[in-house]
A.B. asks: 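Got a structure here, written out as structure tokens. Questions coming.
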Protein chains: 2
Amino acid sequence: MAGSTATQSGESLLFLTDEQLRKGIEAMFFAYRAFTADPDRILENYEYGRAHHRAIHFINRQPGLTVNTLLAMLGVTKQSLNRVLRTLVEDGLVEARVGRRDKRERNLFLTEAGAALERELSDAQRARMRAAYRAAGPSAVAGFRQVLEAMMDPDLRRYYQSMKDSAP
Amino acid sequence: MAGSTATQSGESLLFLTDEQLRKGIEAMFFAYRAFTADPDRILENYEYGRAHHRAIHFINRQPGLTVNTLLAMLGVTKQSLNRVLRTLVEDGLVEARVGRRDKRERNLFLTEAGAALERELSDAQRARMRAAYRAAGPSAVAGFRQVLEAMMDPDLRRYYQSMKDSAP
DNA sequence: GATTTTATGTCAGCTATGTTGACTTTCCAA
DNA sequence: TTGGAAAGTCAACATAGCTGACATAAAATC
């Protein structure tokens with residue numbers, strides 16, 4: 001409630017003033033908008049939206065994942081995801097295979113066409129990310145990742161950390 | 001198109017593999033979701049949405065700003081913003097004063113009630129940001145800000161940099 | 001074997017927030 | 001004095017969230 005500048009933390013306090021925190025909030029807002037701008041532009045050509053991009057992204061990251069797993073990562077309702085998934089399957093970008101062990105489950109995979117769109121979207125997004133990383137430098141990148149990680153919901157942080165981090 | 005791991009950059013290349021970039025992309029996605037979660041929860045109680053929050057945030061940051069300026073920062077159409085602004089004015093959270101010099105313009109201000117909601121939303125969001133900053137440490141915070149800044153649209157970066165950064 | 005739980009899909013309807021297009025009012029400035 | 005910028009409004013639409021209700025199949029449990 002109060003100024004919240006002064007705390008008992010042992011760390012340097014310079015980064016915890018309200019103004020600093022507000023700047024961080026704005027930085028997130030502006031950067032996130034730029035971050036989604038390129039894919040959004042591409043998606044228009046296909047009459048898809050951000051929701052399709054997110055589904056495609058995670059199916060690519062973890063081929064064969066189940067609908068429930070994807071649901072947990074996206075944090076939307078199954079009805080909302082289903083609408084997206086259905087169009088992707090109909091359009092031949094995603095394949096939903098009945099689970100081998102548990103036949104109630106659907107394992108999701110990108111088709112060749114799906115992988116191609118994933119590449120197009122991700123190329124654009126990675127290009128911007130790469131430019132930002134270059135401009136900021138390696139040690140800034142490490143800090144960037146640390147702060148984002150600390151900000152995440154713990155469950156998703158666990159997933160995030162479990163993903164491999166460097167090319168094999 | 002190709003692996004895009006190898007470049008001619010003089011910097012350390014370790015941060016520019018596709019995997020590293022993809023992790024950065026996911027980090028943005030997950031962190032942004034967490035970043036908006038607290039305000040979203042609060043806004044439900046008032047029957048407002050994220051769009052209202054954004055308007056309130058920027059009006060608080062720059063009291064008296066014009067509708068056009070706000071439009072540029074939010075990156076939406078005036079019709080979309082107008083709907084939000086109208087409800088905020090009707091509900092007595094925002095005051096739109098006719099411009100002194102140019103009477104076509106409307107200068108936007110938060111009322112006491114608007115400032116109170118701003119504080120509630122921003123307290124929650126800053127609390128999360130503060131926790132993440134503390135967990136990551138001061139030098140990580142600097143890097144975080146540098147990368148986000150590099151990612152922004154240049155016009156918004158200019159605005160962003162022009163805002164004061166430390167408590168006066 | 002019967003029952004319950006789980007995973008998924010689907011229908012209907014609602015809301016928030018974005019869009020475009022057309023139009024009006026106000027009013028500054030050339 | 002008139003052209004055009006700034007602001008506001010109305011209508012119609014799309015996307016992507018949401019809730020609730022219900023269906024089906026398969027697994028798990030009793």
Side-chain angles (χ1 to χ4, degrees), chain A residues 29 32-33 36-37 39-59 64-91 94-109, chain B residues 29 32-33 36-37 39-59 64-91 94-109:
Chain A
F29 174 64
Y32 195 79
R33 200 131 58 78
T36 55
D40 283 355
R41 218 170 298 120
I42 293 169
L43 288 159
E44 273 179 20
N45 306 328
Y46 297 89
E47 308 208 297
Y48 289 141
R50 230 176 260 185
H52 299 85
H53 181 191
R54 296 199 280 254
I56 288 173
H57 170 90
F58 286 109
I59 295 172
L65 88 177
T66 65
V67 173
N68 247 358
T69 305
L70 183 53
L71 231 32
M73 296 196 296
L74 296 178
V76 298
T77 60
K78 64 172 180 170
Q79 293 93 328
S80 198
L81 174 58
N82 192 255
R83 182 165 36 193
V84 164
L85 232 33
R86 189 171 25 185
T87 70
L88 291 174
V89 169
E90 279 170 3
D91 296 352
V94 166
E95 192 187 350
R97 293 185 208 149
V98 171
R100 278 186 315 140
R101 290 182 336 195
D102 187 334
K103 293 179 191 164
R104 290 170 304 180
E105 293 182 345
R106 298 289 178 276
N107 296 113
L108 303 170
F109 299 88
Chain B
F29 174 65
Y32 195 78
R33 200 130 60 79
T36 55
D40 283 356
R41 218 170 300 118
I42 293 168
L43 287 158
E44 273 178 21
N45 305 329
Y46 297 90
E47 309 207 296
Y48 289 141
R50 229 176 261 185
H52 299 85
H53 182 191
R54 295 199 281 254
I56 287 173
H57 170 91
F58 285 110
I59 295 172
L65 88 177
T66 66
V67 172
N68 245 1
T69 304
L70 183 53
L71 232 30
M73 296 196 296
L74 296 177
V76 299
T77 59
K78 64 173 178 171
Q79 291 91 330
S80 198
L81 174 58
N82 194 255
R83 181 166 36 197
V84 165
L85 234 33
R86 190 172 25 188
T87 70
L88 291 174
V89 169
E90 279 170 2
D91 295 352
V94 166
E95 191 187 350
R97 292 186 207 148
V98 172
R100 277 186 315 139
R101 289 183 338 197
D102 185 335
K103 294 179 190 164
R104 292 167 303 181
E105 293 181 345
R106 298 290 178 275
N107 295 112
L108 304 169
F109 299 87

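Each chain gets a letter, A, B and so on, in the order the sequences are listed, and its residues count up from 1.
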A.B. asks: How many Å lie between CG on A:Asn82 and P on D:dA16, as a whole number?
C.D. replies: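 About 14 Å, once rounded to whole Å.
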A.B. asks: Rounded to the Å, how far apart are B:Glu90 CD and D:dG8 C1'?
C.D. replies: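 Going from CD in B:Glu90 over to C1' in D:dG8 covers 13 Å.
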A.B. asks: Keeping A:Arg106 on the side-chain end and A:Arg104 on the backbone end, is there a donor-acceptor pair under 3.5 Å?
C.D. replies: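 Yes; at least one donor-acceptor contact below 3.5 Å.
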A.B. asks: So, is B:Asn68 near the phosphate of D:dA5, with a side-chain N or O under 4.0 Å from OP1 or OP2?
C.D. replies: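 For B:Asn68, the contact criterion (side-chain N or O under 4.0 Å from OP1 or OP2 of D:dA5) is not met.
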A.B. asks: Give the rounded distance in Å between these two atoms: CZ of A:Arg86 and P of D:dA16.
C.D. replies: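 Atom-to-atom, A:Arg86 to D:dA16, this comes out as 13 Å.
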A.B. asks: Using whole Å, what does the distance between atom C1' of nucleotide D:dA7 and atom CG of B:Leu65 come to?
C.D. replies: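 About 14 Å, once rounded to whole Å.
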A.B. asks: Please report the end-to-end axis angle for the helix from C:dG1-D:dC30 to C:dA30-D:dT1, five pairs per end, rounded to 10 degrees.
C.D. replies: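 Result, rounded to 10 degrees: 20°.
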A.B. asks: Using atom types as modelled, flag every donor-acceptor pair under 3.5 Å from a side chain in residues 67-81 of chain A to any protein atom, sequence neighbours excluded.
C.D. replies:
unit_1, atom_1, unit_2, atom_2, d
A:Thr69, OG1, A:Thr66, OG1, 2.9
A:Thr77, OG1, A:Ser80, N, 3.3

A.B. asks: Roughly, in whole Å, what's the span from CG in B:Leu81 to P in D:dG8?
C.D. replies: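 Checked: the CG to P distance equals 9 Å.
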A.B. asks: Looking at DNA chain D, which of residues 41-54 of chain A put a heavy atom within less than 4.0 Å of it?
C.D. replies: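 Going residue by residue through residues 41-54 of chain A, the ones with a heavy atom under 4.0 Å of DNA chain D turn out to be A:Gly49, A:Arg50, A:Ala51, A:His52, A:Arg54.
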A.B. asks: Going 5' to 3' along DNA chain C, which nucleotides are the first and last within contact of chain A (any atom under 4.0 Å from a heavy atom)?
C.D. replies: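 Range of nucleotides touched by chain A: C:dT6 to C:dC11.
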A.B. asks: Pick the nucleotide of DNA chain D nearest each of B:Ala96 and A:Val76; which residue has the one closer to the 5' end?
C.D. replies: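 That would be B:Ala96.
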A.B. asks: Would A:Val89 and A:Glu95 count as a side chain to side chain contact (heavy atoms under 4.5 Å, CB included) if you check the C-alpha gap in whole Å, the side-chain angles of each, and the deciding distance to 0.1 Å?
C.D. replies: CA-CA 6 Å; A:Val89 169; A:Glu95 192 187 350; over 6 Å; no
A.B. asks: Base, sugar-phosphate or nothing for B:Arg83? Non-hydrogen atoms, less than 4.0 Å.
C.D. replies: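 Base, at least one base atom sits under 4.0 Å.
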A.B. asks: We want to know whether B:Tyr48 and B:Asp91 form a side-chain donor-acceptor pair, criterion being a heavy-atom distance below 3.5 angstrom.
C.D. replies: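 The answer is yes; a qualifying pair exists.
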A.B. asks: Sugar-phosphate means primed atoms, P, OP1 and OP2; the rest is base. With that split, encode nucleotides 23-30 of chain D 5' to 3' as B, S or - using protein heavy atoms under 4.0 Å.
C.D. replies: --BBS---
A.B. asks: Does a side-chain N or O of A:Thr77 approach OP1 or OP2 of D:dC18 to a distance below 4.0 Å, or not?
C.D. replies: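 Yes, within the criterion.
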A.B. asks: Hey, what do you get for CD1 (B:Ile59) to CG (B:Asn107), rounding to the nearest 0.5 Å?
C.D. replies: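 Those atoms lie 11.0 Å apart.
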A.B. asks: When you look at CD of B:Glu90, are more than 12 heavy atoms from neighbouring residues, nucleotides or ligands closer to it than 6.0 Å?
C.D. replies: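 Count over threshold, so yes.
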A.B. asks: Can you tell me how far apart CG (A:Asp40) and CZ (A:Arg50) are? Round to the nearest 0.5 Å.
C.D. replies: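 Answer rounded to 0.5 Å: 4.0 Å.
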A.B. asks: Which nucleotide, D:dA7, D:dA16, D:dT19, lies nearest any side-chain atom of B:Arg106?
C.D. replies: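 Closest nucleotide to the B:Arg106 side chain: D:dA7.
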A.B. asks: Who passes ring pair (Phe, Tyr, Trp, His ring centres under 6.0 Å) against A:Phe58, sequence neighbours left out?
C.D. replies: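 A:Phe58: ring pair (Phe, Tyr, Trp, His ring centres under 6.0 Å) contacts with B:Phe29, B:Phe30.
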A.B. asks: Kindly give the heavy-atom pair with the smallest separation between B:Gly49 and B:Leu43, and that separation in Å.
C.D. replies: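 Nearest pair, atom of B:Gly49 first, then B:Leu43: O-CD1, 3.5 Å.
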A.B. asks: About how many Å separate CG of B:Leu85 and CZ of B:Arg83, when rounded to the nearest 0.5 Å?
C.D. replies: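 Between B:Arg83 CZ and B:Leu85 CG, I get 12.0 Å after rounding to 0.5 Å.
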